[in-house]
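Per chain, numbering begins at 1; letters A, B, ... match sequence-line order.
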There are 2 protein chains.
Amino acid sequence: MSNNFYETEYETILTNNGSSKHVKTLKIIQSEVQSINRVALSVDCVIFGFDENKLKVLLIRSDLKKYQSKWSLLGDLVNPEEDIEEAAYRILLDRTGMDDLYLEQVHAFGHINRHPGGRVVTIAYYSLINVQHHKLKKLDNELHWHDVAEVKDLAFDHQEIFETCYKRLQKRVQEHPLGFSLLPNKFSLRELQNLYEAILGIKLDRRNFRKKFFAMDFLVDVGEIETNVPHRPGKLYQFDYDKYERMKKKWSGIDF
Amino acid sequence: MSNNFYETEYETILTNNGSSKHVKTLKIIQSEVQSINRVALSVDCVIFGFDENKLKVLLIRSDLKKYQSKWSLLGDLVNPEEDIEEAAYRILLDRTGMDDLYLEQVHAFGHINRHPGGRVVTIAYYSLINVQHHKLKKLDNELHWHDVAEVKDLAFDHQEIFETCYKRLQKRVQEHPLGFSLLPNKFSLRELQNLYEAILGIKLDRRNFRKKFFAMDFLVDVGEIETNVPHRPGKLYQFDYDKYERMKKKWSGIDF
DNA sequence: ATTACTTTGTGTAAAACTTACACACTGTTT
DNA sequence: AAACAGTGTGTAAGTTTTACACAAAGTAAT
């Protein structure tokens, strides 16, 4: 047995210490890699947004007959000369017109029959965007935001992919202050808390929530208050990304 | 724009509400998936073990000329009719003779030029095994255990893959009591602590470590003590996997 | 302009957890 | 019998988490 994509043809070379050794020729490796053992590779993106105090996810209508009435994630095949991550960003740009976002790889899904067109392995990514800042410019295939609580029965294995990404998001949001990308530049603590409650699916104590965030010391009071609220307006804050970047090393998460 | 691997040929169908709609035919999808957009897919396994109070990783010598003197991870191409995970288990079985282990997918690596033979996307898995319980039966290409602290300059992008998996292991071992698979069935608390210190790369307070583990209440005193130690022997314990499984729901990790 | 209403903003005491730390015990070696 | 090496145990101080209540600020209705 051998490795790194084996073949039976070898070339003899001299090693550092003067003895000889058999190695596989590059030509052989290339033919091996380029021949039978190939699969189609795709990327699927789970794009989360936040609107009206609900966590949303961007879905598109499948136009495959088999899944004619079902929703699906934003996905496409990876080009042979394209990095996976590059493909993920391309797909998001194509489908939503956005290029300024956070994107994290989550998992590869590769069950043999997950796609009716043949073997397609897909790499799932998720992203968080601010719904208000990124109005959708393209609405092909009924692209739009769905409440995450109501996502069910997606096409292909997209339900599983969605759920895996949602769990990952819930975990990440406790490890890093990602959520700020979903809020307006200036936000009230109530908005921030609504966001965390929506993502985590739990209620949090208001006083303790405030205490925790102030203790982190990444919020900057911008000296303004909410307008157009039918009650006492709350102060507005900004997130100090620079300070967060500087503190990142010693950061190990938020505990709720 | 369309989705789920687009084509320009459509078939007209009737929808539920009686209107008509154009959908892509399955035949077209299949030809799309099977034609140009395919890549070679491989799996690489990072197998951790523990021996002589050191964390080890299993490496094999590459037999590609380009990497003639370098170590590499255990990897192989995924067969077109094989699940990715299935491939990972197959590779481990082939290379080490083992089939009773934990295996977790970590990340997909897909830079275009990561393999000299052409485009190869690889999915990385890691695993933990008990070195003593699994003597290596095959030693092709100098397969053997390397101290993780001394792993460097691996073939391909395997250094990056290794480091990603190592970080993942360090994180996971604080979230779940995985480490027990690396110890003998009956172990002393000192052995357990050595293991955690080796994996995390830090020193821990002995009294607090013991307190923490006893508080979790997954250790069963088997009423035996160490033998052949040149000092007071420690008590031996077993890990109560059943109890852990039952408690798993409300489990959120070990904090050191 | 007064009142009712809604949500903001704040502090504290109790409980839980984390950390740092020292000494007697048990078996082995000399 | 003495030296050695590592086990086993408790506690006080500090920190973090939790639960909880009331006055203040603005809006809306009268």
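A salt bridge is absent between B:Lys235 and B:Glu224; no separation between the charged side-chain nitrogens and carboxylate oxygens falls under 4.0 Å. Salt-bridge formation is detected for the pair A:Arg168/A:Glu104: a Lys NZ or Arg NE/NH1/NH2 atom is positioned less than 4.0 Å from an Asp or Glu carboxylate oxygen. A salt bridge links A:Glu175 with B:Lys171: the distance from a Lys NZ or Arg NE/NH1/NH2 to an Asp or Glu carboxylate oxygen falls below 4.0 Å. A salt bridge between A:Asp51 and A:Lys56 is absent, with no side-chain N of the basic residue lying under 4.0 Å from a carboxylate O of the acidic one.
Look at CE on B:Met216: it is 13 Å from P on C:dC17, rounded to the nearest Å. Whole-Å rounding puts the A:Phe187 CZ to C:dT8 P distance at 14 Å. One can place CZ of B:Phe209 at 14 Å from P of C:dT18, the figure rounded to the nearest angstrom. C:dT8 atom C1' lies 13 Å from atom CG of A:Asn194, rounded to whole Å. Regarding B:Phe214, its CZ atom lies at a distance of 7 Å from the P atom of D:dT9, rounded to whole Å. For the pair A:Lys212 NZ and D:dA19 C1', the computed distance is 13 Å after rounding to whole Å. Between the NZ atom of B:Lys235 and the P atom of D:dG8 there is a distance of 7 Å, rounded to whole Å. Taking atom CD1 of residue A:Ile254 and atom C1' of nucleotide D:dT17, one finds them 16 Å apart after rounding to whole Å.
Applying side chain to side chain donor-acceptor pair (under 3.5 Å) to A:Thr122 and the options A:Asp157, A:Asp44, A:Asp76 leaves one that passes, A:Asp44.
Checking the phosphate oxygens (OP1, OP2) of D:dC20, no side-chain nitrogen or oxygen of A:Arg207 falls inside 4.0 Å. Here B:Arg206 does not reach the OP1 or OP2 of D:dG6: none of its side-chain N or O atoms lies under 4.0 Å away.
Relative to the side chain of A:Asn208, the nucleotides C:dA20, D:dT9, C:dG11 differ in distance, and C:dG11 lies closest. In the set D:dC20, D:dT7, C:dT10, C:dT10 carries the atom at the smallest distance from any side-chain atom of A:Arg210.
Helical stems of DNA chain C (runs of at least 3 Watson-Crick or G-U pairs, donor-acceptor distances under 3.5 Å) are listed by first residue: C:1-30 with D:1-30.
Residue A:Glu150 holds its CD atom at 11.5 Å from CG of A:Leu59, rounded to the nearest 0.5 Å. Put simply, CZ on A:Arg206 and CG on A:Leu189 are 10.0 Å apart, with the number rounded to the nearest 0.5 Å.
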Would B:Tyr237 and B:Phe187 count as a ring-ring contact (aromatic ring centres under 6.0 Å, His included) if you check the C-alpha gap in whole Å, the side-chain angles of each, and the deciding distance to 0.1 Å?
CA-CA 5 Å; B:Tyr237 297 88; B:Phe187 51 86; 7.0 Å; no
The contact string for nucleotides 25-30 of chain D, one letter per nucleotide 5' to 3', using protein heavy atoms under 4.0 Å with B, S and - for base, sugar-phosphate only and none, comes out as BBS---
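Summary of the strand contacts: A:Lys211 and A:Leu236 both lie near DNA chain C, and taking for each the nucleotide with the nearest heavy atom, the more 5' one is attributed to A:Leu236.
Partners of A:Tyr125 according to the ring-ring contact (aromatic ring centres under 6.0 Å, His included) rule, which considers only residues two or more places apart in sequence or in another chain, do not exist here.
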